[in-house]
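Report on the structure given below.
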Amino acid sequence: MRTIAVAAEKGGVGKTTTAVHLAHFLAQQGKRVLLIDIDSQGQAGEFLGLPDEPRAGMYELLLHDDPALRHFRRASELVMLDVRPGLDLIPNDPRIAEVEIQLSRRPRPYPALARRLAELKGYDFCVVDVGPTVNLVSLVALYASDLVVVPMAPGSGKSGARGLTRRLEAMKAELGTAPAVLGMLGTLVNRREKIAGELLEELEGLGPRNLGVIHRNTALAECSTKGQTAFEYKPRSRGAKDYEAFGERLLEKLEGVTAHA
Ligand SMILES: Nc1ncnc2c1ncn2[C@@H]1O[C@H](COP(=O)(O)OP(=O)(O)OP(=O)(O)O)[C@@H](O)[C@H]1O
Ligand SMILES: [Mg+2]
């Protein structure tokens, strides 16, 4: 299983939209995909149209991981199967704030998620929606990931990407391992805006780490409120086409990564 985090230290840059569309795209390509949501807002489930009701998920996965505990839950018991064909989800909810506190009391909190994901078999990809906050839970998510995709929106992308890159460097120095940045993805791009031009220039300067552009698109803005991805809501929209092209580029890049390994 390849674990891909979608992360940036910036709010509202399209992380959840990207994570959900990437996961759905990969599932539509016949891959077995697990989507996990570690952002306290728990929006990935909402995006996929799941009813807003209490259910076990990341909280149980990260805290009740000791088989000696009465409430121990196997990772496989916490997975919602086939929220779309080929796509499973471990949902999240605001109780993740308690996880932050509990993990901070542990002597070695970092492998908390990696260890639990290792219990799950049969997936080609795990896609992780990481929240914008610099906290222990997001560090635990990054520690469990092999690769990171960093969304960058006009006007706010640079600092979010820079902050994240710095955090990964610190993680490598401190913990001896960190996921590799696969690249940056321009999001919410309106080519008529000057500020978008600056982002596009910046992306071009990144060479192979330029993962392309997702344009600002009404179908993408609307689809989450319909509980659908753009592939379902408006499959012919520019948003759906952009995420399809991104997914294809990412798969091509990953084949290259395997070839070099
Ligand atoms: N390409 C796009 N075109 C139009 N609207 C978009 C696009 N991408 C995302 N949005 C909308 O912008 C808002 C922020 O997107 P999203 O929730 O994916 O960002 P985020 O980085 O996950 O935010 P947060 O930091 O709060 O978790 C949402 O309302 C979403 O529907
Ligand atoms: Mg989000």
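Values reported hereafter were calculated over all heavy atoms of this structure, with side chains retained and with hydrogens, waters and symmetry mates removed. One-based numbering along the sequence shown. As the structure lists them, so they are numbered: ligands from 1, and atoms in each ligand from 1.
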Practice task
Verify the neighbour count for atom CD of Glu198: are there more than 12 heavy atoms of other residues, nucleotides or ligands below 6.0 Å?
Solution key: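 Yes, CD of Glu198 has more than 12 neighbouring heavy atoms, counting only those of other groups under 6.0 Å.
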Handout entry: Pair Glu9 + Arg167, salt bridge at N-O below 4.0 Å
Key =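 Yes, charged N to carboxylate O under 4.0 Å.
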Exercise for the section: Using a strict 4.0 Å threshold on nitrogen-to-oxygen distance, state whether Glu169 and Lys172 make a salt bridge. Expected result: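 No salt bridge links Glu169 with Lys172.
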Practice task
Kindly indicate, with the supporting measurements, whether the criterion side chain to side chain donor-acceptor pair (under 3.5 Å) is fulfilled by Thr229 and His24.
Solution key: CA-CA 8 Å; Thr229 64; His24 195 197; 2.7 Å; yes
Would you mind writing out a table of all protein N or O atoms found under 3.5 Å from any N or O atom of ligand 1, naming both atoms and giving the distance to 0.1 Å?
unit_1   : atom_1 : unit_2 : atom_2 : d
ligand 1 : 1 (N)  : His215 : O      : 2.9
ligand 1 : 3 (N)  : Asn217 : N      : 2.9
ligand 1 : 3 (N)  : Asn217 : O      : 3.3
ligand 1 : 18 (O) : Thr16  : N      : 3.4
ligand 1 : 18 (O) : Thr17  : N      : 2.9
ligand 1 : 18 (O) : Thr17  : OG1    : 2.5
ligand 1 : 19 (O) : Gly14  : N      : 3.0
ligand 1 : 21 (O) : Gly12  : N      : 3.4
ligand 1 : 21 (O) : Val13  : N      : 3.0
ligand 1 : 21 (O) : Gly14  : N      : 3.1
ligand 1 : 21 (O) : Lys15  : N      : 2.9
ligand 1 : 21 (O) : Lys15  : NZ     : 2.7
ligand 1 : 22 (O) : Lys15  : N      : 3.4
ligand 1 : 22 (O) : Thr16  : N      : 2.8
ligand 1 : 22 (O) : Thr16  : OG1    : 2.9
ligand 1 : 23 (O) : Gly12  : N      : 3.0
ligand 1 : 25 (O) : Gly12  : N      : 3.0
ligand 1 : 25 (O) : Lys15  : NZ     : 2.7
ligand 1 : 26 (O) : Gln41  : NE2    : 3.4
ligand 1 : 27 (O) : Asp39  : OD2    : 3.0
ligand 1 : 27 (O) : Gln41  : NE2    : 3.2

Give every donor-acceptor pair under 3.5 Å between a side-chain atom in residues 124-137 and any protein atom, sequence neighbours left out.
unit_1 : atom_1 : unit_2 : atom_2 : d
Asp124 : OD2    : Arg32  : N      : 2.7
Asp129 : OD1    : Thr16  : OG1    : 3.4
Asp129 : OD2    : Thr16  : OG1    : 2.7
Asn135 : OD1    : Ser138 : N      : 2.9
Asn135 : OD1    : Ser138 : OG     : 2.9

Practice task
May I ask you to check whether Thr17 brings an N, O or S atom to under 2.8 Å from the Mg ion (ligand 2)?
Solution key: no
Exercise for the section: Specify whether Phe231 and His21 have parallel, tilted or perpendicular ring planes, treating 30° as the upper limit for parallel and 60° as the lower limit for perpendicular. Expected result: perpendicular
